[in-house]
Amino acid sequence: MLESLRKRLAAHLREWIRERFDLALGEIPIEVPPQVEYGDLAFPVAFQLARKLRERTGPRPNPRALAEAIAASLPPTEEIARVEVAGAGYINVFLDRARLLLGLRQPEPPPEPSGEKIIVEHTSINPNKAAHIGHLRNAVLGDALVRLLRHSGARVEVHNYIDNTGVQVADVIVGFKYLEKKGRAEIEAIPGKFDHYCWDLYARVTAWYDEDPTALALRRQTLSEIEEGGNPTAELAEYVSMRVLNAQLDTVERLGIYYDVLPRESEILHLKFWDRAFELLKSAGLVTYETEGKNRGCWVMRLPSEGENSAPEEDGKVLVRSDGTVVYTAKDIAYHLWKLGRLDVDFSYRPFRRYSNGHTTWITTTEPTEEAHPEFGHGSAYLSVIGSEQTYLQKFVKEAVRALVPDPRVERSAHIAYEKVTLTPRACLELGIELSPEELERQQISMSGRRGLGVKADDLIAKLEEKALLEVRARHPELSDAEARHLAHQIAVGALRYFLLKYTRTTAIAFDFAEALSFEGETGPYIQYAVVRARSIFRKLQEAEIERRPLGPEHVAEINRLLNARDDLWTLLYFAARFEEFVRQACEGYEPAILAKYAFQLAQRFNNFYHGYHILSEGDPLKREVYLAITEAVCERLVRALDLLGIEVPERM
RNA sequence: GCACCCGUAGCUCAGUUGGAUAGAGCGUCGGACUACGAAUCCGAAGGUCGCAGGUUCAAGUCCUGCCGGGUGCACCA
C-alpha cells in the first residue's frame, strides 16, 4: 500500500509541475527522512525544480517558496495526516499512523503476471569436483534472484549450464586412467562422495602436470577422445561427469536449490548449435578470418568500436581456433542466442532428477525421447550469474547477441557479476593448508580447484549442522533425534545463506570460519529467532485464552493517540510497511543483499520493541491489540523476506 | 601498459537514482534473566569516509589526477 501511495504522489507532482511550469521532470525522487521528526516521506523536488527554472528563465526562484506551493497542491487523502515544508525546501509528508496500521493487515495484492519469461542461469560448476563455498555463493545468489523475480510476477526458468566437455573433466579422466590406472568397474565401485574423491584426484593431476609436463600430452589426447565421442574414454567421461553432477545437485539440494533444465556443452557441440550461430555471425560480418598475425588461421570477433578514436589494433577475441575447434565464448554465444529463440535448432531432453517435492529437473540429450517436456528457452530476457572475473568475455557474448537479436530483450538481459569468496590466511591454517611465505603476507588467498584449495560446501554445511544440533539439544532436550536434526538443518541453512547474501555482489568475501559459523549478531539465525519468539507470543495468547478486541476504523482516533505519542512504535511499524520498497530495490539492482540487510534491521528493531513492551501482560486491551498488530505485521514481513532469501523459519530454536 | 571492481570505526561490512546529525555486526569495557524464549536487550569507547583538486544550494556518493589492494586483457573455461 505504501508503494502505491508513493506512485500516486510522484505522479501527481510530475503532472502538477508539468501543468504549472510546462516542465517535464523525469523521476520524482522520494526519500525517507533520517529523523522521524521530519516525517515519513520527503520530496526534495523543489531544489530540482528551482534549478531547472533558473536554467530556463535566469533568476533562481526560492526553493522554499516553490516547496510551499507544491505542498499546497497535494490533494488531501485519508492516508496522509499532514504535509510540512522544512529546511531550505524539503516537502515532508506525515502519514496517518493508525490508517497505515489497519491497512497493513490487508494482504498485499499479488503482483500482476508480467507475461515475461526470464531465464536465470546460475551455479554452473565444472562437473569434475565437489562444490566449494565460492560456488555456493553463485548458487545462493542465483536462487535468491529467482525467488525475487518470481515474487515480482515474472515466469522464471532456471538453468545450470554443464560444461562436460572441457579440459577440467579431461584432467580427472587422466587421473583415473593414468595416475590411478583404474578401470571403469573400479571407478564405479568407489564408495562415498564421488565429487569429494574427484576433488583430491583433480589436485593430484594438476600437481603431476607440474612435476612432469610430458603428462600434458595425455590431457590433449584425452580431450580429443572426449570431443570425438563413441569411444571408452568418452563414455568414461560421460559417467564421471554425470556422477559428479549428481553429487553437486545433492549438495545444493541441501540448501533447497533446484533447476529446471541442465543444458550441456556436449549438446551445444553435437547438435550443431555453434554451426548455426557461426553462420549468423558470418553473415552479419561480425567475425573475420585472420590470414596473418598471431591469430593467423583463426576466426576472430571484435567488439564494435565505441568511438572513432578507438584503437584499430584491437586483438579481438578468437572464437574458432586454427585447428577448427571452438572456444568456450563461442559456445556461450550460441547458447545465449538459443535462450532468446534466435537459433532455429533445439535440444532434446530427458528427465534427470525427480525430487520428492514433485519437481523434475531435465537434462539435454542428443537423442529425442518419448516423454513430453516443458518448453524450454524462448525467453524474454536472460540473466547469467557468473563471476566478475569473466566480465570481459561476457561483454563479447552480449555484443554478439545484441548484433544478432535486434530487439529490447537483449538490453534487459545481463551478466550478474559477483566477486569471489577468498580465504584468509587464518582460514587456510585452520584447513591445514600449507602456504608459501608470500601467500602468508597476503590478506586473501583465492580458492583453487586445481590446487584442491578451498572449503568444500558439504563440509561447511556439515559443520554448521553439527554446531546447530548442539545448540538445539541444549535448549530442547525433549526433542526426538529427527526433530532436532530437522531444526538444526534449517538453522544451518539460514546461517549459510544469510552469510553469503549479506555482502553486496561487488564485495569479495574474506571467508572466516568463526564468522561463517556464528549464530549471533548479524546472522540468519538472529532473524529466525526473532520470528520464533514473535510466534510464541501468539501461541501463548491462544493458550491463555485472552479475549481479543479486533481493531477497526472506529478505533482510528484512539490508535493515533497511542502511536502519535510513541515514535518508537511508529518507526517499527513504518519500517515493516516498507517491505515492498526494499524488495523492489533488491529486484531492480539484482542485489539480494538489500533485502538481507532489511530483514536483519527489521528483526533488530523488533527485538528492541520486544524487550521494551510486554505484550501479554498489557492491561489496556486497545494497547495490547496495537502491540499484537505490530508484531503480526513485522512477523509476516520477516517470514516473507526470509523466504525470498531461501531461508525457512524453524518451529522452535 | 590498458580495462573493470574495491579503499568508510581495531576487524568484517552497509550507506537507497547526490540530500538533513555517516550506521551495523564482531571484538573490548560495563550493565539486564522470579513477566511473552538471554541464539536477546541496554550503555560506553572507537571516524581527517585512501590523498589532492573540481562540479553543486548540497559530495562517503559525481568528474579528474595520484596512492594502495583485487581481477581480467589466452588458439583455458
Side-chain angles (χ1 to χ4, degrees), chain A residues 26-27 29-35 37-38 42 44 47 50-51 60 63 86-90 92 124 126 163 166-168 265 290 294-300 311 315 317-323 325-329 331-332 387-393 395 417 419-420 422 424 442-444 446 468 471-472 475 491 495 502-510 512 514-515 518-523 525-526 528-530 532-534 536-541 544 581-582 584-585 588-589 591 593-594 596-597 600-601 604 607-608 610-618 627 631 652-653:
Chain A
E27 284 283 293
I30 307 176
E31 292 161 13
V32 174
Q35 300 291 320
E37 293 79 27
Y38 296 140
F47 302 114
R51 182 195 188 87
R60 181 171 187 268
Y90 286 99
N92 292 335
S124 306
N126 279 321
D163 181 7
V167 286
Q168 285 82 359
E265 189 165 276
E290 299 289 300
K294 65 171 188 174
N295 291 333
R296 190 171 159 203
C298 300
W299 286 87
V300 174
D315 282 343
K317 174 69 193 160
V318 170
L319 295 185
V320 182
R321 303 182 186 104
S322 51
D323 66 1
T325 58
V326 177
V327 303
Y328 158 80
T329 309
K331 292 173 230 175
D332 217 30
S388 54
E389 73 277 4
Q390 292 205 44
T391 302
Y392 175 76
L393 291 178
K395 243 173 79 176
E419 288 294 329
K420 52 177 67 170
T422 61
T424 59
R442 304 178 68 169
Q443 292 165 346
Q444 43 193 2
S446 288
E471 299 279 349
V472 170
R475 285 155 218 256
I491 293 165
K502 73 173 174 178
Y503 301 93
T504 52
R505 289 188 282 113
T506 52
T507 298
I509 300 178
D512 181 83
E515 211 174 323
S518 172
F519 298 154
E520 289 166 19
E522 197 195 340
T523 65
Y526 176 98
Q528 291 172 315
Y529 184 62
V532 168
R533 291 208 298 192
S536 95
I537 293 173
F538 290 100
R539 200 176 53 236
K540 284 267 160 55
L541 187 70
E581 178 190 334
F582 287 93
R584 177 173 47 79
Q585 283 180 19
E588 285 173 356
E591 188 59 276
I594 292 172
K597 291 277 175 190
F600 171 67
Q601 284 177 36
Q604 203 174 28
N607 278 331
N608 180 287
Y610 180 90
H611 275 265
Y613 293 82
H614 200 267
I615 297 166
L616 293 181
S617 63
E618 174 55 55
Y627 298 163
T631 303
R652 274 174 282 190
M653 285 184 75

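Here is the naming used below: chain letters follow the sequence lines, and residue numbers restart at 1 for every chain.
Residue contacts shown for A:Gln444 are limited to sugar-phosphate atoms, with no base heavy atom under 4.0 Å away. Among the heavy atoms of the strands lying under 4.0 Å from A:Arg652 is at least one base atom, whether or not backbone atoms are also near. When heavy atoms are screened at a 4.0 angstrom cut-off, A:Leu541 is found touching no nucleic acid atom at all. The residue A:Tyr503 sits close only to the backbone: its heavy atoms come under 4.0 Å of sugar-phosphate atoms, none of a base. Using a 4.0 Å heavy-atom criterion, one finds that A:Glu515 contacts the sugar-phosphate atoms exclusively. Among the protein residues, A:Val532 comes within range of the nucleic acid bases, having at least one heavy atom under 4.0 Å from a base atom. Contacts of A:Thr506 with the nucleic acid, taken as non-hydrogen atoms under 4.0 Å apart, involve only primed sugar atoms and P, OP1 or OP2. Residue contacts for A:Thr504: at a heavy-atom cut-off of 4.0 Å it reaches the sugar-phosphate backbone alone, with no base atom in range. Among the atoms of the strands shown, none is found under 4.0 Å from any heavy atom of A:Ala88. A:Tyr90 comes within 4.0 angstrom of a base, heavy atoms only. No engagement by A:Gln528 is indicated, since no non-hydrogen atom pair under 4.0 Å with the nucleic acid exists. At a threshold of 4.0 angstrom between heavy atoms, the contacts of A:Arg584 with the nucleic acid are absent. Here A:Asp512 lies out of heavy-atom contact (under 4.0 Å) with every strand. Heavy atoms of A:Ser322 sit under 4.0 angstrom from at least one base atom.
Take the nearest nucleotide of RNA chain B for A:Phe519 and for A:Ser388: the residue whose nucleotide is more 5' is A:Phe519. In terms of position along RNA chain B, the nucleotide closest to A:Pro29 lies nearer the 5' end than the nucleotide closest to the other residue of the pair A:Lys540 and A:Pro29.
Minimum heavy-atom separation, A:Glu419 to A:Thr506: CG-O, 3.2 Å. Of all heavy-atom pairs between A:Ala495 and A:Pro525, the closest is CA-CD, 3.6 Å. Among all heavy-atom pairs drawn from A:Pro63 and A:Ala88, the shortest one is CB-O, 3.7 Å. Between A:Val326 and A:Lys331, the shortest heavy-atom distance links the atoms O-CE, 3.4 Å. Considering every non-hydrogen atom in both A:Ala417 and A:Arg505, the closest pair reads O-NH1, 2.8 Å.
Base-pair partner of B:G72: B:C2 (Watson-Crick or G-U wobble, both distances under 3.5 Å). Here B:G30 sits opposite B:C42 as a Watson-Crick or G-U wobble pair (both hydrogen-bonding atom distances under 3.5 Å). Across every strand in view, B:U55 sits unpaired, with no contact that passes the Watson-Crick or G-U test at under 3.5 angstrom. Pair check for B:A35 finds none; no Watson-Crick or G-U wobble contact set falls under 3.5 Å. Nucleotide B:G7 has B:C67 as its partner under the Watson-Crick or G-U criteria, with both atom distances under 3.5 Å. With a cut-off of 3.5 Å on both Watson-Crick or G-U wobble distances, the partner of B:G18 is given as none. Under the Watson-Crick and G-U wobble criteria, each requiring two contacts below 3.5 Å, nucleotide B:U61 is left unpaired.
In this structure, the aromatic ring of A:His614 is positioned over the six-membered ring of the base of B:C36, centres within 5.5 Å and planes within 30°.
The distance between atom CG of A:Leu393 and atom P of B:G72, rounded to the nearest whole Å, is 11 Å. When the C1' atom of B:A3 is taken as reference, atom NZ of A:Lys317 falls 15 Å away, rounded to whole Å. We find that CD of A:Glu581 is positioned 12 Å from P of B:U17, with the value rounded to whole Å. When the C1' atom of B:G7 is taken as reference, atom CD of A:Glu419 falls 13 Å away, rounded to whole Å. A:Lys502 places its NZ atom 8 Å from the C1' atom of B:C13, with the value rounded to the nearest Å. Protein atom CG of A:Asn607 is 11 Å distant from nucleotide atom C1' of B:G37, rounded to whole Å. A:Arg51 places its CZ atom 10 Å from the C1' atom of B:G18, with the value rounded to the nearest Å. As rounded to whole Å, 15 Å separates atom C1' of B:G25 from atom CD1 of A:Ile509.
With P as the reference atom, B:A14 and B:C62 are 15 Å apart, rounded to whole Å. Taking the C1' atoms as reference points, B:A22 lies 8 Å from B:U8, given to the whole Å. Straight-line distance between the C1' atoms of B:G7 and B:U61: roughly 14 Å, to the nearest whole Å. Separation of the C1' atoms belonging to B:C67 and B:G53 is 15 Å when rounded to the nearest angstrom. The same atom, P, is picked in B:C63 and in B:C11; the two are 27 Å apart, to the nearest Å. With both ends at atom P, the span from B:U12 to B:G50 equals 15 Å, rounded to whole Å. For the C1' atoms, the distance from B:G10 to B:A45 is 12 Å, rounded to whole Å. Comparing B:A39 with B:U34, their P atoms sit 15 Å apart, to the nearest whole Å.
Between A:Thr507 and the phosphate of B:A14, there is a side-chain N or O to OP1/OP2 separation shorter than 4.0 Å. For A:Ser536, a side-chain nitrogen or oxygen approaches OP1 or OP2 of B:G37 to under 4.0 Å. Contact annotation: A:Tyr529 side-chain N/O to B:A39 OP1/OP2 distance is under 4.0 Å. In this structure, A:Gln604 reaches the B:G25 phosphate: one of its side-chain N or O atoms is under 4.0 Å from OP1 or OP2.
Of all nucleotides listed (B:A20, B:C41, B:G19), B:C41 comes nearest to the side chain of A:His611. Side-chain proximity of A:Lys294 to B:G25, B:U71, B:A74: nearest is B:A74. Closest to the A:Lys331 side chain, of the nucleotides B:U21, B:C57, B:A77, is B:A77. For A:Lys597, the listed nucleotide lying nearest its side chain is B:A14; candidates were B:A14, B:C75, B:C73. With B:A35, B:C36, B:A20 as the candidates, the nucleotide lying closest to the side chain of A:Ile537 is B:C36. Minimum atom distance to the side chain of A:Tyr610 is reached by B:A38, of the listed B:A38, B:G72, B:G19.
For a distance-only test at 3.5 Å, the side chain of A:Asn295 fails to qualify as a donor-acceptor partner of the base of B:A74. On a pure distance criterion of 3.5 Å, a polar donor-acceptor pair joins the side chain of A:Gln585 and the base of B:U16.
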| Is there a side-chain hydrogen bond (donor to acceptor under 3.5 Å, both in side chains) between A:Asn607 and A:Tyr529 once you walk through the steps? | CA-CA 10 Å; A:Asn607 278 331; A:Tyr529 184 62; over 6 Å; no

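Looking at A:Thr507 and A:Thr504, their side chains do bring a donor and an acceptor atom within 3.5 Å of each other.
In this structure, A:Tyr328 and A:Glu265 have side chains that are in contact, with non-hydrogen atoms separated by less than 4.5 Å. The shortest side-chain heavy-atom distance between A:Phe519 and A:Met653 does not fall under the 4.5 Å cut-off.
Below 30°, between 30° and 60°, or above 60°: for A:Tyr526 and A:Phe600 the angle between ring planes is between 30° and 60°, a tilted geometry.
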